[in-house]
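Residue numbers begin at 1 in each chain, while the letters A, B, ... track the order of the sequences.
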Amino acid sequence: MVGRIYDFKTVEEKWQKYWREKNIFRAEDFSNKPRYYALDMFPYPSGAGLHIGHPEGYTASDILSRYFRALGYNVLHPMGWDAFGLPAEQHAIQTGTDPRINTQNNVDTFRRQIQRIGFAIDWSREINTTDPRYYRWTQWIFLQLFRHNLTFVDKRPVWWCPALKSVLANEEVVDGLSERGNYPVVRRPMRQWILRITAYAEKLLEELNRLDWPDSTKRQQIAWIGRSQGAEVDFPIHGVEKCLSVYTTRPDTLLGATYLVVAPEHPLLEAITVPERWDAVREYQQKTARKSDLDRTDLAKIKTGVFSGAHAIHPLTGEPLPIWVSDYVLMSYGSGAIMCVPAHDTRDFEFAQLFHLPVRQVIRPLNADGDTALPYCERGILCNSGEYDGMTSDAAQEAIIDRLMKNGTGRQRINYKLRDWLFSRQRYWGEPIPIVWVREDDFGIISRTANSPFLEFMPSNPVFYEEDGRKFYAVPLCSRDLPLNLPPVESYLPSDDGESPLARASSWVSVWIHPQTGEIRPQAEGRPAGEWLAARRETNTMPQWAGSCWYHLRYMSPRCETAPVDPKIADYWRAPNFYIGGAEHAVLHLLYARFWHRFLYDIGVVPSKEPYPRLFHQGIILGEDGEKMSKSRGNVINPDAIIQSSGADSLRLYEMFLGPLEAVKPWDAKGIEGVIRFLKRTWKFYNEVSIDDGQDDDDTQRLLHESIRKVREDIEGLRFNTAISQLMILLNRLQKLPRVSRFAGESFIQLLAPFAPHICEEIWEQLGHGESIACAPFPNFDIQWLTRDTVTIVVQINGKRRGEIFVPANALESEVLEKARTCDGAVPHLRGRRIVKEVHVPHRIVNFVVQ
RNA sequence: GCCUGGGUGGCGGAAUGGUAGACGCAGAGGACUUAAAAUCCUCUGACUGUAGGGUCGUAGGGGUUCGAGUCCCCUCCUAGGCACCA
């Protein structure tokens, strides 16, 4: 019936061409069909080409896409390129060529490789974050954030990587080394753009429990946001008109505080340190400043610190408490100062031991028996706390906060570990930030110019910074100036002091702006007549995360010229039904994208609060040695080579058969033989079997309908490995038959089609169908074949399997037990024994407990 | 250190508290072939018995249950995340 030889290369190329030319997988906006949006984390098109890990997630989303299309859904399955980023920039630096060229080549390679795997992608919606028509809207969203007071600039110590000549975000630094390249990094103060993601901490935390996400990822985000509830307590300082505020999650231990510690960078330190101690404190500050954060946060190291000579006054007892300085207190969390309760905090205890500070126990365990080992860090019953003695920690906490509030020396307080998002990079290959800087007086002119185009995105709180005693104000470009294109530059190398390569494009940087008309002209052309103001463009660019914060929206209306996403189309597609990508993005991309998306919801741009309601992480495919694939280990499997030797269908099928989608699992070059044989047997089966309008025998029908059900359930539950083994079981049976019914013959190939679409299209066509199998309605099972007349029941004696019986499914319990008692396997073990208990689980098991 | 997963044949893995090891790989034997490849058939957890069969077996130890890979407690190993966040 089909050709004798299974020539996968010819078959696969034929159908890939067919799908492309017939636009089989085009998604239709506003279709009346139910909609299904399957989204992959889009790749960074690296020079190395497609990795074996890419097709794993893509195949999973492709199976779902094809499955739901066959169920009659209008499916959106798009692909695009997250193409800004460091490797392309470094390539540009090394070769001196424009990163656009290299990026375009890499994108072409990725597209060709992905297309060769035969994914059901709507290529008419392809997007690229480096396309000005795309980043125009990335810039627009930035300006909206700017307008809503969610951005600011600050000269702050940031991670500076001398080797990369670039500033890195907290998240890009791992153990004091750059995430990319493992170069050392140091702290260095620079002017930076920062996004107030902390303003969204509560919203991001709240929505989390409504998401269908892996628990571990939710937990990571919860930990990253790091909400804690406690109290802020003010300690007046002896002899100085100042108060030191501390944050504590254990206000119940307030009476156990014996000293305070402030961070070396604390702004009050200068004012409170007594003159005799000033040298020691300054020396300590300098020593800390020289330390890398790795040294500073190393838990294993011995604590250090100096006494400031100052004393704080306990707000409840009036007792003077010494104020120490130590780098175990971080300026970036809470208020940069803590009250220390060595009896009930491990770190405070350690410090107190080292510097011989008093330890006062104020909490005892609920079921106290004898002495408590200190530090005791659990909650318990208060002691040595005057009027609070005998109260539980919970009650005391409330009572103490109450008292502080009455005294005006404390209040409830919620803190987050989440830090604001350092958003600027001193790089070329990123979205330019659409801001110009003007002098204070000129900013006043713009602000007073009614209808100035520069007021379109003007925030209520101006953004400014000071340099050499002069203030510079941020002026947002207006939307008609977008996109702000990346200018050509002569060198992609940042300057040694860390300025972006854009700073060298002086004719681009220095401009005249016209407050009334909004016109912008290069200063190089000389000052035009009229009321023009001198301005300098922002030369920092956005981080690579920016473009991936909203790409899921752009796929919906990729050519929309009036908004990031067409509101009507966004209302149609809503949100992806399925989002798949690596777990390495658990906190970075997934938190940033949630932030931007939620902001867009808040300003009415999108209809849903959350970008990705259902998320899944595919596991990693390891090399054959069980180690992570890497060039240096030489264990990299190249997908192109697999496709060349075994075909795209085999690659797809094998990656899905390897194990559970979420598991980390090693590649096995021998293992792929199994699925190759399976596909060959499938081909051979349709070559040899005769398909007619007759009936199948009962066992075949039963297995067929069971298989349909299992494959459907497994696809929907993402259990592709067991779906494939069911298909193998089904084929093992079918291929023994000389003839099968049309329903059986067609169903099998349709069940297999989402996994191995090319071979199935070919067989489908040769079975006489004129239309693509991708559009054929998916087979459904008939429940009548899933209920059995006769069931097999296992007979156990004392929990050990001794035999089995076949009984009618509707047999009475007494009949089943009688048959079980007298079955061949059971009789010898029952002889001479007394049955003390009979357990009968209908349709499953009978267990006799005997003595 | 803390928080999460996970530990099942030679290997990847399968098992709503109910026949452990489906499916596949590897291995053994056989058929076809001059031969090899490919393909097809049979066997394949360990120990034990001529055989019917028996005993053991899901990291280790305990427990709950008629019955535990699955639930509970402890220990070990392993992967991932967090890490002086007061």
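- A salt bridge does not link A:Glu713 with A:Arg719: none of the charged nitrogens is closer than 4.0 Å to a carboxylate oxygen.
- At the phosphate of B:C25, OP1 or OP2 sits under 4.0 Å from a side-chain N or O atom of A:Arg677.
- The side chain of A:Val839 approaches B:G18 more closely than any other nucleotide in the set B:U55, B:A86, B:G18.
- Using atom P as the reference point in both B:G62 and B:G1, the two lie 27 Å apart (nearest Å).
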Show, in sequence, the C-alpha distance, side-chain angles and deciding distance for A:Thr304 and A:Tyr284, and conclude whether the side chain to side chain donor-acceptor pair (under 3.5 Å) test is met. CA-CA 9 Å; A:Thr304 58; A:Tyr284 187 74; 2.7 Å; yes
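- At a threshold of 4.0 Å, the pair A:Arg250-A:Asp252 counts as salt-bridged, since one of the basic side-chain nitrogens sits closer than that to a carboxylate oxygen.
- Listed candidates were B:A86, B:C66, B:C3. Nearest to the side chain of A:Tyr333 is B:A86.
- When the nucleotides B:C84, B:C66, B:A14 are ranked by their closest atom to the side chain of A:Asp327, B:C84 comes out on top.
- Stem analysis of RNA chain B (Watson-Crick or G-U pairs, both distances under 3.5 Å, runs of at least three) returns B:1-7 with B:76-82, B:10-12 with B:23-25, B:27-31 with B:39-43, B:45-48 with B:53-56, B:59-63 with B:71-75.
- A:Val849 comes within 4.0 angstrom of the backbone, heavy atoms only, and of no base.
- Side-chain to base pairing of A:Lys670 with B:C11: no donor and acceptor N or O lie closer than 3.5 Å to each other.
- Not one N or O on the side chain of A:Gln796 forms a donor-acceptor pair closer than 3.5 Å with the backbone of A:Ile845.
- Rounded to a whole angstrom, the distance from the C1' atom of B:G6 to that of B:G27 is 29 Å.
- Side-chain contact of A:Ser228 with A:Asn415: a donor-acceptor pair under 3.5 Å is absent, judged by distance alone.
- Of the possible donor and acceptor atoms, none in the side chain of A:Thr288 sits under 3.5 Å from a partner among the backbone N and O of A:Asp327.
- Closest to the A:Asn847 side chain, of the nucleotides B:G18, B:C56, B:G54, is B:G18.
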Under 3.5 Å between N/O atoms: give me all the protein pairs with nucleotides 19-22 of chain B, atom names plus distance.
from  : atom 1 : to       : atom 2 : distance (Å)
B:U19 : O2     : A:Arg801 : NE     : 2.9
B:U19 : O2     : A:Arg801 : NH2    : 3.1

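- At the heavy-atom level, A:Thr346 lies nowhere under 4.0 Å from the strands shown.
- Between A:Tyr328 and B:A86 there is no side-chain polar atom (N or O) within less than 4.0 angstrom of OP1 or OP2.
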Using a cut-off of 4.0 Å between protein heavy atoms and nucleotide atoms, how would you tag nucleotides 41-52 of chain B 5' to 3' with B, S and -? ------------
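- A:Glu706 has a carboxylate O that lies under 4.0 Å from a charged side-chain N of A:Arg788, or vice versa, which qualifies the two as a salt bridge.
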